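Everything on this sheet refers to the single structure shown next.
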Amino acid sequence: MKGEKSLFTRIIEGEIPSFKIYENEYVYSFLDINPASYGHTLVVPKEPASSLHELSPESASELGIALAKISKSILEVTGVNSYNVIQNNGSEAGQTVFHVHFHIIPKYPHSTHQLTWDSVKLGSEDASELARKISMGIV
Ligand code: AMP
């Protein structure tokens with residue numbers, strides 16, 4: 001974002017209007033302007049990080065708390081039992097707004113949104129090595 005305010009920072013600061021759902025010191029939540037289904041909501045940290053791994057521990061933990069609370073209210077209001085929480089990082093992963101955000105998307109019987117993939121092969125030796133390396137990198 002290099003000095004320029006992101007679209008979501010402008011929404012958080014009230015410069016661009018939004019249908020606000022929730023706000024606290026760390027988190028802002030509002031309806032997605034192009035909903036994949038009725039109730040599609042975005043949950044955004046006020047910290048202007050582009051990707052999830054760049055967030056401070058405080059923002060990351062507050063996001064987790066807010067996601068659970070907001071999801072519960074969306075379920076109650078929409079009456080769905082199923083929903084997807086999606087979070088894209090990087091343009092190749094489908095991110096279009098480079099300010100961390102989680103999508104909460106209610107799944108109705110008629111919903112068309114999909115989240116599927118073809119699995120890749122991973123042998124147990126490679127899996128063991130991969131798990132070891134990733135676990136070593138966690139600080
Ligand atoms: P992503 O593709 O994961 O980066 O998602 C960006 C999301 O932001 C999309 O679902 C857009 O519909 C949504 N979006 C973009 N501009 C606005 C806006 N002004 N208000 C609400 N949602 C927006």
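Everything quoted here is computed from the prediction, not taken from an experiment. Order of listing sets the numbers, starting from 1, for every ligand and every atom in it.
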Study note, to complete from the structure: Here the atoms of ligand 1 under 4.0 Å from any heavy atom belonging to Gln95 are 4 (O)
Point to revise | Sub-4.0 Å heavy-atom approach of His101 to ligand 1 | key: yes
Check your understanding: So which bit of His103 gets within less than 4.0 Å of ligand 1, heavy atoms only: side chain, backbone, both or neither?
Key -> side chain
Revision key, fill the gap. Shortest non-hydrogen pair, Thr78 vs Tyr38, comes out as CG2-O, 3.9 Å
Practice item. Take Phe102 and Ser29 through the side-chain contact (heavy atoms from CB on, under 4.5 Å) test and state the conclusion after the steps. Key: CA-CA 9 Å; Phe102 286 78; Ser29 175; over 6 Å; no
**Study point:** Contacting atoms of ligand 1, where contact means under 4.0 angstrom from a heavy atom of Leu31
**Key:** 21 (C)
Exercise for review: Assess Phe8 for proximity to ligand 1: is some non-hydrogen atom of it under 4.0 Å away?
Suggested key: yes
Check your understanding: What do you reckon, does His40 have a nitrogen or oxygen under 3.5 Å from a nitrogen or oxygen of ligand 1?
Key -> no
Check your understanding: For atom 19 (N) of ligand 1, what's the nearest protein heavy atom and its distance?
Key -> Ile11 CD1, 3.7 Å
Study note, to complete from the structure: Tightest non-hydrogen contact, residues Gln95 and Ser51, listed as OE1-OG, 4.3 Å
Check your understanding: Do you know which two heavy atoms are closest between Lys46 and Asn24, and how far apart they sit?
Key -> NZ-O, 2.8 Å
Revision key, fill the gap. Ligand 1 atoms nearer than 4.0 angstrom to some heavy atom of Asn34 are 12 (O)
Revision key, fill the gap. min-distance protein heavy atom vs atom 16 (N) of ligand 1 -> Leu7 CD2, 3.3 Å
Point to revise | Minimum heavy-atom distance Gln87-His101, with the two atoms named | key: CG-O, 3.1 Å
Review point. When rounded to the nearest 0.5 angstrom, what is the spacing between CD1 in Ile104 and OH in Tyr83?
Key: 7.5 Å
Point to revise | Proximity flag Gly94 to ligand 1, non-hydrogen atoms under 4.0 Å | key: yes
Check your understanding: Which residue owns the protein heavy atom closest to atom 4 (O) of ligand 1, what's the atom, and how far is it?
Key -> Thr96 N, 2.6 Å
Review point. Hey, is ligand 1 close enough to Ile33 that some N/O pair sits below 3.5 Å?
Key: yes
**Study point:** Least distance between heavy atoms, Glu47 atom then Ser59 atom
**Key:** OE1-OG, 2.7 Å
Practice item. For Glu129, check salt bridge (Lys or Arg N to Asp or Glu O under 4.0 Å) against everything at least two apart and list the hits. Key: Arg132
Point to revise | Distance-minimising heavy-atom pair for Leu55 and Pro45 | key: CD2-CG, 3.8 Å
Review point. Nearest protein heavy atom to atom 9 (C) of ligand 1, by residue and atom, and its distance?
Key: Asp32 OD2, 3.4 Å
Review point. Is there a heavy atom of Phe98 sitting under 4.0 angstrom from any atom of ligand 1?
Key: no
Check your understanding: Backbone or side chain, does any N or O of Asn88 fall under 3.5 Å from an N or O of ligand 1?
Key -> yes
Exercise for review: Using the rule that two of Ile, Leu, Val, Met, Phe, Trp, Tyr join whenever any of their side-chain heavy atoms come within less than 4.5 Å, decide whether Leu52 and Ile70 are in one cluster.
Suggested key: yes
